Amino acid sequence: MNDAPISLRSACHLARLVGLALCIGTPVLIGGLILAGLVPPGEQLPEGTYLQLGHVFTGLVFLSAAWVLWRRGTMLKAFHQVSEPRRAGVVLRETLLYAALFELSSIYGLVYWVLVGKHSARHAFGFIILSPLLFLVLAPRLGHWRKALEPAPGEA
């Protein structure tokens, strides 16, 4: 068995690939099920409790994006302190954690579709499409991890 540590480049590419598969694959699957008619739209009007649920879902999506931004900054700032054998694991863990959090948006979209899809399809699909967009925009790429390893200005 090969005990050589995985390179930072390989870890980033693997994490990105798995994250994209999750954040693109699930919305495509959910969208396909909806468009094929296998998941019928909900009949409820988006008012009262259902409107509030939509607001809660929106808040949770923005909260997860804000948390990822905070966590990303914290992890990138401390990344140079991580020992080299552990770096690939940190990259994989963080990227997949971000993907899982963003994936929740697609699940919210599916739930919203099942509840109020007949009257608010654009909102349900909005939740579904946010998953890959948030991942593409907010998940750190190889360049971010490499830059985090560079010494800060004024350090030797």
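Note that these values count all heavy atoms, side chains included, but never hydrogens, waters or copies made by symmetry. What you see is a predicted model, and the numbers here were worked out from it, not measured in a lab.
- Judged purely by atom type and a 3.5 angstrom limit, His123 has no side-chain atom pairing as donor or acceptor with the backbone of Gly54.
- For the atom pair Trp67 CH2 and Leu101 CG, the distance stands at 6.0 Å (nearest 0.5 Å).
- The shortest heavy-atom contact between Ser106 and Ile30 is O-CD1, 3.7 Å.
- Follow the hydrophobic side-chain contacts under 4.5 Å out from Val61 and you reach Leu69 in the same cluster.
- Counting only distance, with no hydrogens or angles, the side chain of Ser120 and the backbone of Val116 share no donor-acceptor pair below 3.5 Å.
- Follow the hydrophobic side-chain contacts under 4.5 Å out from Val91 and you reach Leu138 in the same cluster.
- In this structure, Thr95 OG1 and His13 NE2 are separated by 12.0 Å, a value rounded to the nearest 0.5 Å.
- Taking 4.5 Å as the limit, some side-chain heavy atom of Leu8 sits within range of a side-chain heavy atom of Leu149.
- The CZ atom of Phe79 sits 15.0 Å away from the NZ atom of Lys147 when rounded to the nearest 0.5 Å.
- Grouping the Ile, Leu, Val, Met, Phe, Trp and Tyr side chains by contacts below 4.5 angstrom, directly or via other members, places Leu51 apart from Phe57.
- Under the 3.5 Å distance criterion, the side-chain polar atoms of Ser131 are matched with a main-chain donor or acceptor of Phe102.
- The distance from the CG atom of Leu110 to the CG atom of Leu29 is 9.0 Å, given to the nearest 0.5 Å.
- The nearest pair of heavy atoms linking Arg87 to His80 is NH2-O, 3.7 Å.
- In this structure, the side chain of Arg9 does not engage the main chain of Leu142 through any donor-acceptor pair within 3.5 Å.
- Distance CG/Leu17 to CG/Leu22: 11.5 Å, rounded to 0.5 Å.
- Two different hydrophobic clusters hold Leu96 and Trp70 under the rule that ILVMFWY side chains link at heavy-atom gaps under 4.5 Å.
- The nearest pair of heavy atoms linking Pro27 to Pro132 is CG-CD, 3.8 Å.
- In the hydrophobic clustering of this structure, Tyr98 groups with Leu60; members are Ile, Leu, Val, Met, Phe, Trp, Tyr whose side-chain heavy atoms approach within less than 4.5 Å, directly or through other members.
- With hydrogens and angles ignored, the 3.5 Å screen pairs no side-chain donor or acceptor of Ser10 with any backbone N or O of Ile6.
- Considering only heavy atoms from C-beta on, Ile128 comes within 4.5 Å of Phe125 through its side chain.
- Proximity of the aromatic rings of Trp113 and Phe127 is defined here by a centroid distance below 6.0 angstrom, and this criterion is not met.
- When side chains are defined from C-beta on, Tyr50 does not count as touching His119, because their heavy atoms never get closer than 4.5 Å.
- Across all their heavy atoms, Cys23 and Ala99 have their closest contact at SG-O, 3.5 Å.
- Minimum interatomic distance between Ala15 and Phe135 (heavy atoms only, all atoms of both residues): O-CZ, 4.4 Å.
- With values rounded to the nearest 0.5 angstrom, Ile24 atom CD1 is found 5.5 Å from Leu136 atom CG.
- When every heavy atom of Val82 is checked against every heavy atom of Arg86, the shortest pair comes out as CG1-CB, 3.7 Å.
- Using a 4.0 Å cut-off between a side-chain N of Lys or Arg and a carboxylate O of Asp or Glu, Arg72 and Glu94 do not qualify as a salt bridge.
- Within a 6.0 Å radius of CZ in Arg93, other residues, nucleotides and ligands contribute more than 12 heavy atoms.
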